[in-house]
J.: 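I have a structure here, written as structure tokens, and I will follow up with some questions on it.
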Amino acid sequence: MQGGAAKTRGAFATAFSLSLILAVVSGCGPSPEQIRLRRAMHEIRHELHPDYRDALVILESKRTNPNDLNEAVLYGMCQTTVAILGGDYTTAERATYDSFALVEKYENQDREILAALGDEGIRFFRGEPHERAMLWYYAGLARYARGEYNEARMFFSQALHATRTRDEDAKDFREDFQLGYYWLGRALLKRGEVDDARAAFQRAAVVLPHSTEAKEIEQIKARRRREYADERKAEKLGYEKNSQGESPVPGIVDLSQEIARAEAPATLPDAAPQSPVLRATADFNEFLTTDYQGEANLVVMIEMGTGPFKYAKGRDAAFDHIGRCPYREASVEVYIDGHRAGPGFKLLDSYHQAVTRGVETRRARQWGKAFVKEVMKSVPVGSLVAGMWSIKADLRYWPTLAGEYHAFAAKVTPGPHTLHFRFYDVNDKYLPRYDLTRHFICVPADGELVMTVHSVENQDNAYLLTAARPGQ
């Protein structure tokens with residue numbers, strides 16, 4: 001939901017490209033494995049033609065390599081999201097199971113002690129509470145999609161448990177995990193436990209903003225208004241330049257028009273004669289009823305943007321903080337066979353989830369080390385020791401996590417359908433370059449279809465029709 005996506009991604013891409021060029025020129029460039037790993041962990045969500053299979057292969061090799069045991073869970077987390085996005089629920093199930101086994105059973109007391117006293121990045125990576133909760137969520141989703149509803153129920157319950165940290169500064173948010181409660185409700189409903197499902201859906205309806213959220217959103221909206229105006233100017237200039245002259249681009253479309261979400265069309269130009277939607281809703285409260293969820297036979301999880309990251313602050317990089325990754329998408333409307341079926345409802349903001357899990361315990365530890373190191377610097381002999389003592393915070397994080405998770409559910413006629421997703425920014429302005437289409441989505445006559453999609457800029461523009469030109 002953040003603005004500045006194009007500039008930030010462009011800066012990252014430029015910096016990365018320059019580093020590659022300098023590395024190659026100096027003779028110490030990254031190996032093919034390192035390039036594959038970076039694509040699998042940091043670029044897979046933004047690629048127009050992601051190679052899920054290669055990403056899964058490289059992540060599997062890293063996750064199962066004894067030399068990479070310290071980051072095995074991190075690789076398992078990335079492998080899980082890549083598998084879910086690629087529709088490989090079997091691999092997702094295996095990756096989550098192996099990762100859980102390590103989180104629960106692996107111990108290295110020596111590393112834990114050294115990390116507590118010094119560089120926290122050397123400890124065995126278990127992930128932050130919000131990351132472990134999302135790993136449980138993906139495990140539950142994989143089981144649910146395979147029809148294993150009791151196992152799914154247990155995993156969704158574990159996801160809720162993982163969010164309930166003991167830090168006092170997180171006490172108001174221990175039950176704040178709408179995504180987990182929604183899917184727990186669906187799993188319970190499948191098991192015939194209607195009353196418990198109703199209670200879970202009721203909790204999924206509770207929105208708990210953090211203390212600075214309203215101010216942050218207003219800042220994002222203001223920044224996004226400026227960016228949107230610049231983007232429209234650039235689109236207009238590009239259209240005028242490429243639609244005229246001696247060699248106009250065939251099929252070019254003017255994307256500079258301002259379209260608000262309230263003006264979204266009821267049907268698309270290629271809509272089917274009749275709507276296949278038997279029941280849909282734009283009301284969040286109706287959406288979270290057992291009656292509505294029980295009728296829905298098409299459930300789509302729509303993932304947007306990139307999740308939060310960690311960065312260092314303070315002298316000696318002793319403190320870790322959570323940052324919000326920039327992205328344009330904030331809401332979505334779903335069309336089925338060209339007919340508007342309704343919105344996706346936001347159930348999770350990953351940044352919000354990360355910053356509300358509490359930092360009281362580790363912040364006290366980090367402050368303690370920073371204070372002792374500063375005292376040592378004032379002593380002649382101690383300053384020498386302090387200079388060699390690293391107290392860096394652990395900056396590892398789950399890079400393939402999505403920024404937001406929206407859910408769409410409806411009752412539609414069985415058979416093959418075309419799903420089209422239209423995205424809007426935080427000011428409800430249409431983002432034409434984020435259109436996403438999925439063809440031949442088959443809804444079964446019995447049961448339901450569960451699927452996951454994620455927003456990618458220019459995905460529907462990836463295959464352009466070009467006319468043959470003389471001499472070419």
Side-chain angles (χ1 to χ4, degrees), residues 1-18 20-21 39 42-50 219-265 267-270 302-306 325-333 335 338 403-404 418 420-439 453-472:
M1 190 178 64
Q2 186 92 332
K7 293 181 181 178
T8 303
R9 282 202 296 267
F12 286 161
T14 301
F16 179 60
S17 299
L18 289 174
L20 284 180
I21 293 171
R39 291 187 68 180
H42 296 278
E43 300 171 14
I44 195 79
R45 279 194 177 274
H46 308 295
E47 292 185 333
L48 293 177
H49 311 290
Q219 292 173 342
I220 292 171
K221 286 184 175 181
R223 185 161 55 248
R224 180 64 200 144
R225 279 192 290 270
R226 295 190 296 270
E227 293 170 352
Y228 182 69
D230 291 340
E231 290 164 6
R232 288 182 60 213
K233 291 178 183 177
E235 290 284 7
K236 189 65 176 179
L237 181 64
Y239 175 74
E240 292 174 348
K241 180 180 179 180
N242 293 287
S243 62
Q244 302 169 10
E246 296 181 357
S247 301
V249 177
I252 190 171
V253 178
D254 184 2
L255 300 180
S256 66
Q257 304 302 314
E258 179 177 346
I259 302 176
R261 188 175 182 181
E263 301 168 351
T267 59
L268 301 179
D270 58 349
I302 306 155
E303 300 182 358
M304 303 181 192
T306 307
C325 272
Y327 51 91
R328 295 187 182 97
E329 319 92 280
S331 60
V332 61
E333 289 286 340
Y335 289 75
E404 296 180 18
T418 296
H420 185 79
F421 304 86
R422 289 168 62 103
F423 292 89
Y424 298 82
D425 70 9
V426 68
N427 294 313
D428 283 336
K429 301 300 183 183
Y430 175 46
L431 301 172
R433 289 194 175 275
Y434 284 80
D435 278 12
L436 176 64
T437 305
R438 290 289 182 267
H439 300 282
V453 300
H454 72 290
S455 57
V456 180
E457 186 178 9
N458 283 325
Q459 187 161 110
D460 271 13
N461 291 331
Y463 304 95
L464 298 178
L465 297 177
T466 57
R469 295 176 180 172
Q472 295 183 344

J.: Of the non-hydrogen atoms in D428 and S331, which two are nearest, and what is the gap between them?
T.: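 Heavy atoms of D428 and S331 come nearest at OD1-OG, 3.9 Å.
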J.: Does the plane of the ring in Y424 sit parallel, tilted or perpendicular to the ring in Y430? Use 30° and 60° as the thresholds.
T.: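 Judged by the thresholds at 30° and 60°, the geometry between Y424 and Y430 is tilted.
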J.: Using only atom types and a distance under 3.5 Å, with no angle test, would you say the side chain of D435 pairs donor to acceptor with the backbone of R422?
T.: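 Between the backbone of R422 and the side chain of D435 there is no qualifying donor-acceptor contact (under 3.5 Å).
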J.: Closest approach of P248 and S243, non-hydrogen atoms and distance?
T.: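 P248 and S243 have their closest heavy atoms at CB-O, 3.6 Å.
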J.: Can you check whether R433's main-chain N or O pairs, donor with acceptor, with D460's side chain at less than 3.5 Å?
T.: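 No: the side chain of D460 does not pair with the backbone of R433.
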J.: Just wondering, more than 12 heavy atoms not from R39 lying within 6.0 Å of its CZ?
T.: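 Check fails, neighbour count at 12 or below.
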J.: Less than 4.0 Å between a side-chain N and a carboxylate O, is that true for R224 and E231?
T.: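 Salt bridge between E231 and R224, a charged N being under 4.0 Å from a carboxylate O: yes.
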J.: What are the two closest non-hydrogen atoms of Y228 and Q257, and how far apart are they?
T.: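 The pair with the smallest heavy-atom distance is OH-O, 4.0 Å.
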J.: Hey, are the side chains of I302 and H454 touching, using non-hydrogen atoms and a 4.5 Å cut-off?
T.: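 Heavy-atom side-chain distance check fails, nothing below 4.5 Å.
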J.: Identify the two heavy atoms, one from E263 and one from I259, that lie closest to each other, and give their separation to 0.1 Å.
T.: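 Heavy-atom minimum between the residues: OE1-CA, 3.7 Å.
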J.: Would you confirm whether N427, through its side chain, and K429, through its main-chain N or O, come within 3.5 Å as a donor-acceptor pair?
T.: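 A pair under 3.5 Å: no.
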J.: Between S455 and G305, what is the shortest heavy-atom contact and its length?
T.: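 Minimum heavy-atom separation between S455 and G305: OG-N, 3.6 Å.
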J.: After noting the C-alpha distance and the side-chain angles of L436 and V456, does the key distance pass the side chain to side chain contact (heavy atoms under 4.5 Å, CB included) rule?
T.: CA-CA 8 Å; L436 176 64; V456 180; over 6 Å; no
J.: Given R232 and K236, is the side chain to side chain contact (heavy atoms under 4.5 Å, CB included) satisfied, shown in steps?
T.: CA-CA 6 Å; R232 288 182 60 213; K236 189 65 176 179; over 6 Å; no
J.: Could you go through the side chain to side chain contact (heavy atoms under 4.5 Å, CB included) check for V332 and M304 one step at a time?
T.: CA-CA 9 Å; V332 61; M304 303 181 192; 3.7 Å; yes
J.: Over all heavy atoms of both residues, which pair between Y335 and P265 is shortest? Give the atoms and the distance, please.
T.: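 Residues Y335 and P265, closest heavy atoms: OH-O, 2.5 Å.
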J.: Enter the distance from F423:CZ to R261:CZ here, rounded to the nearest 0.5 Å.
T.: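 So the CZ of F423 and the CZ of R261 are separated by 11.0 Å.
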J.: Sort out for me which residue in R45, H46, E404, H42 forms a side chain to side chain donor-acceptor pair (under 3.5 Å) with T306.
T.: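 Single side chain to side chain donor-acceptor pair (under 3.5 Å) partner of T306 among R45, H46, E404, H42: H46.
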J.: Under a 3.5 Å threshold, yes or no: a donor from one side chain and an acceptor from the other, between Y434 and R328?
T.: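 Indeed, the side chains of Y434 and R328 share at least one donor-acceptor pair under 3.5 Å.
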J.: Step by step, work out the side chain to side chain contact (heavy atoms under 4.5 Å, CB included) result for H420 and L268.
T.: CA-CA 9 Å; H420 185 79; L268 301 179; 3.5 Å; yes
